[in-house]
Amino acid sequence: MTTPVKYKRVLLKLSGEALMGSDPFGINRDTIMQITAQVKEIADMGVQVGIVVGGGNIFRGVSAQAASMDRATADYMGMMATVMNALALKDAFESLGVKARVQSALSMQQIAETYARPKAIQYLKEGKVVIFAAGTGNPFFTTDTAAALRGAEMNCDVMLKATNVDGVYTADPKKDPSAARYENITFDEALNKNLKVMDATAFALCRERKLNIVVFAIAKEGALKRVVAGDDEGTLVHC
Ligand code: UDP
């Protein structure tokens, strides 16, 4: 039996930092298990889940550029970091008995399938979690943009952006105690108020494809389940 849900197919964007927990870098096992357990909960409710994972917990192209590396080379390294995270996620899912597949935008056939849209859609329909690795496969982009791209390609009902902050606020809640969370906000309002939801390319693509975004904190127990049930959790950015 399936529980009623607001969204049937979702694209979850996990930043690399979300996998660090309280560690200074890398992948924290308890944290990744907490996240995959939340995904299992919604998969068990019948929700089809695609995941785009970042790599900032391991390597970021822009930081390496600042240390005078060639940017494109550094970005390919960043994309490889996302593949490491994707493999760790797949492993965690398997330990929970959840079927998961990794599809990489860069060919690495010994360790992951190469991205193929029809196959990815087939997996989603079969109830498998699809983890999209290596971002867009191109330097100078981010995994936020990859999430918007895969979310649009997979015809997802919504993009769920998991962050450290539980929504979009009127100001930075860490600096301004009077900052209030928006329950929902339109793309235009967010743009006019200069609120940072995702990077500009990702935001523009979601807006153009009418792919609504929910910004929420995955560290909060049960948050993902509440988001897909349509409860007041995080901030809905909509058309
Ligand atoms: N990256 C890239 N192209 C993409 C996606 C990511 O070059 O389409 C590289 C880029 O260097 C980036 C790194 O991969 O810094 C990790 O991705 P991101 O910073 O988006 O990860 P997150 O901040 O979500 O952890």
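Note that ligands are numbered from 1 as they come in the structure, with each ligand's atoms numbered from 1 the same way.
Counting all heavy atoms, side chain and backbone alike, Val168 lies closest to Val197 at CG2-CG2, 4.2 Å. What you find for Lys196 and Met198 is that their closest heavy atoms are NZ-O, 3.5 Å.
Distances below 4.0 Å separate heavy atoms of Asn138 from the following atoms of ligand 1: 2 (C), 3 (N), 4 (C), 7 (O), 8 (O). Interface of Gly56 with ligand 1, defined as ligand atoms under 4.0 Å from a residue heavy atom, comprises 21 (O), 22 (P), 25 (O). Close contacts between ligand 1 and Thr136 involve ligand atoms 4 (C), 8 (O) [criterion: under 4.0 Å to a heavy atom].
When non-hydrogen atoms are compared, ligand 1 lies under 4.0 Å from neither the backbone nor the side chain of Ala146.
Between Gly55 and ligand 1, a contact under 3.5 Å exists for at least one N or O pair. At under 3.5 Å, not a single nitrogen or oxygen of Asp144, backbone or side chain, sits near a nitrogen or oxygen of ligand 1. Between Ala134 and ligand 1, a contact under 3.5 Å exists for no N or O pair. For Tyr76, no nitrogen or oxygen atom sits less than 3.5 Å from a nitrogen or oxygen atom of ligand 1, counting backbone and side chain alike. For the pair Gly54 and ligand 1, the shortest N or O to N or O distance does not fall below 3.5 Å.
A heavy-atom separation below 4.0 Å is found between Lys13 and ligand 1. Using a 4.0 angstrom heavy-atom cutoff, Pro139 counts as in contact with ligand 1.
Protein heavy atom nearest atom 5 (C) of ligand 1, with residue, atom name and distance: Thr142 C, 3.4 Å. Looking from atom 13 (C) of ligand 1 to the surrounding protein, the closest heavy atom is Gly78 CA, 3.6 Å. Shortest contact from atom 9 (C) of ligand 1 to any protein heavy atom: Asp75 O, 3.5 Å. Nearest protein neighbour of atom 20 (O) of ligand 1, counting heavy atoms only, is Thr143 OG1, 2.5 Å. Considering only non-hydrogen protein atoms, atom 19 (O) of ligand 1 sits nearest to Arg60 NE, 3.3 Å. Protein heavy atom in closest approach to atom 12 (C) of ligand 1: Gly61 N, 4.0 Å. For atom 6 (C) of ligand 1, the closest heavy atom belonging to the protein is Phe141 O, 3.6 Å.
Between the side chains of Asp199 and Thr145, at least one donor N or O lies within less than 3.5 Å of an accepting N or O. Under the 3.5 Å distance criterion, with hydrogens and angles disregarded, a donor-acceptor pair is assigned to the side chains of Ser178 and Asp176. Under the 3.5 Å distance criterion, with hydrogens and angles disregarded, no donor-acceptor pair is assigned to the side chains of Gln48 and Tyr7.
Arg101 forms a cation-pi arrangement with Tyr123, by the criterion of a distance under 6.0 Å to the ring centre and an angle within 45° of the ring axis. Cation-pi contact between Arg226 and Phe216: absent, since separation from the ring centre below 6.0 Å together with deviation from the ring axis within 45° is not met.
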**Request:** Please lay out, stage by stage, how Tyr169 and Tyr182 fare under the test ring-ring contact (aromatic ring centres under 6.0 Å, His included).
**Result:** CA-CA 6 Å; Tyr169 278 72; Tyr182 290 101; 8.5 Å; no

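Cluster membership for Phe93 and Val53, using ILVMFWY side-chain heavy atoms within less than 4.5 angstrom, is shared.
Ionic pairing of Asp231 and Lys225 is not present here: no N-O contact between side-chain nitrogen and carboxylate oxygen is shorter than 4.0 angstrom.
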